[in-house]
A.B. asks: 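Mind having a look at this structure? Questions to follow.
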2 protein chains.
Amino acid sequence: MAKKSPLSDEALEHVARRFAVLAEPMRLRLLQALFAGEMNVNALVEATGGTQANISRHLQTLTQAHVLARRKEGLQVFYAIADPSIFKLCELVCGSLEKQFTKNAGAFSR
Amino acid sequence: MAKKSPLSDEALEHVARRFAVLAEPMRLRLLQALFAGEMNVNALVEATGGTQANISRHLQTLTQAHVLARRKEGLQVFYAIADPSIFKLCELVCGSLEKQFTKNAGAFSR
DNA sequence: CAAGTATATGAGTCTATGCGCATACAAAGT
DNA sequence: ACTTTGTATGCGCATAGACTCATATACTTG
């Protein structure tokens, strides 16, 4: 396994796309809601405060990126987090941002 | 430390922005080049094959996001990775994408 | 101070995408 | 078959941002 070989352009685009999928506050809210477990669309609409159309689109984006899984049951559609790495990704970013904030807070308090 | 409290809208926007910064192939190439260590702008231009203007802009974006650190030395400006969490972030995403690919590969080969 | 080198930036174009509105589609019950 | 309920989607608008070209700025050297 070549560990230090530079990623191909195609690979980089895939990685970039992955990050782009997570680069929307509304989608992050959806993920945050789904951290608790599987939910249907209506529940997600209520949980996030978005419009149904918009939520549906974001769910589509997340599903196409294989971040979410879709399960249809009668009239309702249930979504759930399909990629467990999402948890760690969010944790990492949050941790990193917290560090930044505390640094800035220090600068202010002086 | 409230562990399960939902992030505020403001916090979510910060997280989203962080992801957005990493959502460009060119910036990922810059980061990949900088994994080896500090480099000046010209070296980065050559390493990535971009134009000087464009590279400079991306470097600005990364620096403002506190992902990179800037050090001026005479005429040249050196950039280096300032946030170590970047490494793990990229590893996580790459690993997750690899899994997806091997899954798809399996589906094709059958 | 003039000229050269390394980097940054203003202005303009072009593409991508988030959002809202209306409507279409799908499944279930009457 | 018709209606109701839950979800998806076509379309248009508005905004963000990536890229280029030309030029500005900062520093060094002659």
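Naming: A, B, ... by sequence-line order, numbering from 1 per chain. Since we're looking at a predicted model, the values are computed, not measured.
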A.B. asks: Using heavy atoms to find the nearest nucleotide of DNA chain C for Gly74(A) and Met26(A) separately, return the residue whose nucleotide is more 5′.
C.D. replies: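 Result of the comparison: Met26(A).
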A.B. asks: Looking for any heavy atom pair under 4.0 Å, which part of the strands does Phe78(B) touch: base, sugar-phosphate only, or nothing?
C.D. replies: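 Nothing: the residue Phe78(B), judged by heavy atoms under 4.0 Å, touches no strand.
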A.B. asks: Would you kindly give the CG-to-P distance between Leu44(A) and dA8(D), to the nearest whole Å?
C.D. replies: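 Going from Leu44(A) (CG) to dA8(D) (P), I get 10 Å.
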A.B. asks: Taking the nucleotide of DNA chain D with the nearest heavy atom to each, does Ala53(B) or Thr61(B) sit closer to the 5' end?
C.D. replies: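 Of the two residues, Thr61(B) wins.
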A.B. asks: Are the side chains of Phe19(A) and Leu28(B) in touch, meaning some heavy atoms are under 4.5 Å apart?
C.D. replies: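 Touching, per the 4.5 Å side-chain cut-off.
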A.B. asks: So which heavy atom on Arg18(B) is nearest to which on Ala65(B), and how close?
C.D. replies: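 For Arg18(B) versus Ala65(B), the nearest heavy atoms are NH1-O, 2.8 Å.
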A.B. asks: Can you name the closest pair of heavy atoms from Cys90(A) and Phe35(A) and give their distance?
C.D. replies: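 Distance-wise, the nearest heavy atoms are SG-CZ, 4.3 Å.
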A.B. asks: Please determine whether any donor N or O and acceptor N or O are separated by less than 3.5 Å between the side chain of Arg57(A) and the base of dG10(D).
C.D. replies: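 Such a pair exists between side chain and base.
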A.B. asks: Under 4.0 Å between any heavy atoms, over every strand shown, what does Arg17(B) touch: base, sugar-phosphate, or nothing? Just pick one.
C.D. replies: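 Arg17(B): no heavy atom of the nucleic acid under 4.0 Å.
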A.B. asks: Taking only side-chain N and O atoms of His58(B), does any of them lie within less than 4.0 angstrom of OP1 or OP2 on dC19(D)?
C.D. replies: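 For dC19(D), OP1 or OP2 has a side-chain N or O of His58(B) closer than 4.0 Å.
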A.B. asks: For the side chain of Thr51(B), starting at C-beta, report the closest nucleotide among dT20(D), dC19(C), dA8(D).
C.D. replies: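 Of the candidates, dT20(D) comes closest.
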A.B. asks: Is a side-chain donor or acceptor of Arg70(A) paired with a backbone partner of Phe78(A) at a separation under 3.5 angstrom?
C.D. replies: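 Judged by distance alone, no pair lies under 3.5 Å.
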A.B. asks: Between P on dT9(C) and CG on Asn54(B), what's the gap in Å once rounded to a whole number?
C.D. replies: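 Answer to the nearest Å: 14 Å.
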A.B. asks: Can you check the Leu28(A) CG to dG18(C) P distance for me, whole Å?
C.D. replies: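 After rounding, the gap between these two atoms is 12 Å.
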A.B. asks: With a 6.0 Å cut-off (strictly less than), is the heavy-atom count around CZ of Arg71(A), excluding the residue itself, greater than 12?
C.D. replies: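 Enclosed.
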A.B. asks: Give one of base, sugar-phosphate or nothing for Ser56(B), where a contact means two heavy atoms less than 4.0 Å apart.
C.D. replies: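 Base, at least one base atom sits under 4.0 Å.
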A.B. asks: Closest to the Arg27(A) side chain: dG18(C), dA8(C), dA6(C)?
C.D. replies: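 In terms of side-chain proximity for Arg27(A), the closest of dG18(C), dA8(C), dA6(C) is dG18(C).
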A.B. asks: Rounded to the nearest angstrom, tell me the gap between atom CD1 in Ile55(A) and atom C1' in dT9(D).
C.D. replies: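 Distance check: Ile55(A) CD1 to dT9(D) C1' gives 15 Å.
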A.B. asks: So, OP1 or OP2 of dG6(D): does either fall under 4.0 Å of a side-chain N or O from Tyr79(A)?
C.D. replies: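 No.
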A.B. asks: Give a yes/no on whether any side-chain N or O of Arg70(B) is located under 4.0 angstrom from OP1 or OP2 of dA8(C).
C.D. replies: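 For dA8(C), OP1/OP2 do have a side-chain N/O of Arg70(B) under 4.0 Å.
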A.B. asks: At less than 4.0 Å, is any side-chain N or O atom of Lys72(B) found next to OP1 or OP2 of dC27(D)? Yes or no.
C.D. replies: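 For dC27(D), OP1/OP2 do have a side-chain N/O of Lys72(B) under 4.0 Å.
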A.B. asks: Check Ser85(B) against Leu92(A) and note the closest heavy-atom contact, atom names and distance.
C.D. replies: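 It is CB-CD2, 4.2 Å.
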A.B. asks: On the nucleotide dG6(D), are OP1 or OP2 found under 4.0 Å from the side-chain N or O atoms that Asn40(A) carries?
C.D. replies: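 So the side-chain polar atoms of Asn40(A) never come under 4.0 Å of the phosphate oxygens OP1 or OP2 of dG6(D).
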A.B. asks: What is the separation between atom CG on Leu62(B) and atom P on dA8(C), rounded to the nearest whole Å?
C.D. replies: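 Spelled out: CG on Leu62(B) to P on dA8(C) is 12 Å.
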A.B. asks: Could you state the atom-to-atom distance from CD of Gln52(A) to P of dG10(D) in whole Å?
C.D. replies: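 Distance, rounded to whole Å: 14 Å.
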A.B. asks: For a quick test of reading the model: is some side-chain N or O of Asn42(A) closer than 4.0 Å to OP1 or OP2 of dT7(D)?
C.D. replies: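 Yes.
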A.B. asks: Rounded to whole angstrom units, what separation is found between the CG atom of Leu59(B) and the P atom of dC19(D)?
C.D. replies: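 It works out to 12 Å between those atoms.
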A.B. asks: In whole angstrom, give the distance that lies between atom CZ of Arg71(B) and atom C1' of dA8(C).
C.D. replies: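 Arg71(B) atom CZ is separated from dA8(C) atom C1' by 18 Å.
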A.B. asks: At under 4.0 Å between heavy atoms, what does Gln60(A) touch on the DNA or RNA strands: base, sugar-phosphate, or nothing?
C.D. replies: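 If one applies the 4.0 Å heavy-atom cut-off, Gln60(A) turns out to touch the sugar-phosphate alone, with no base involved.
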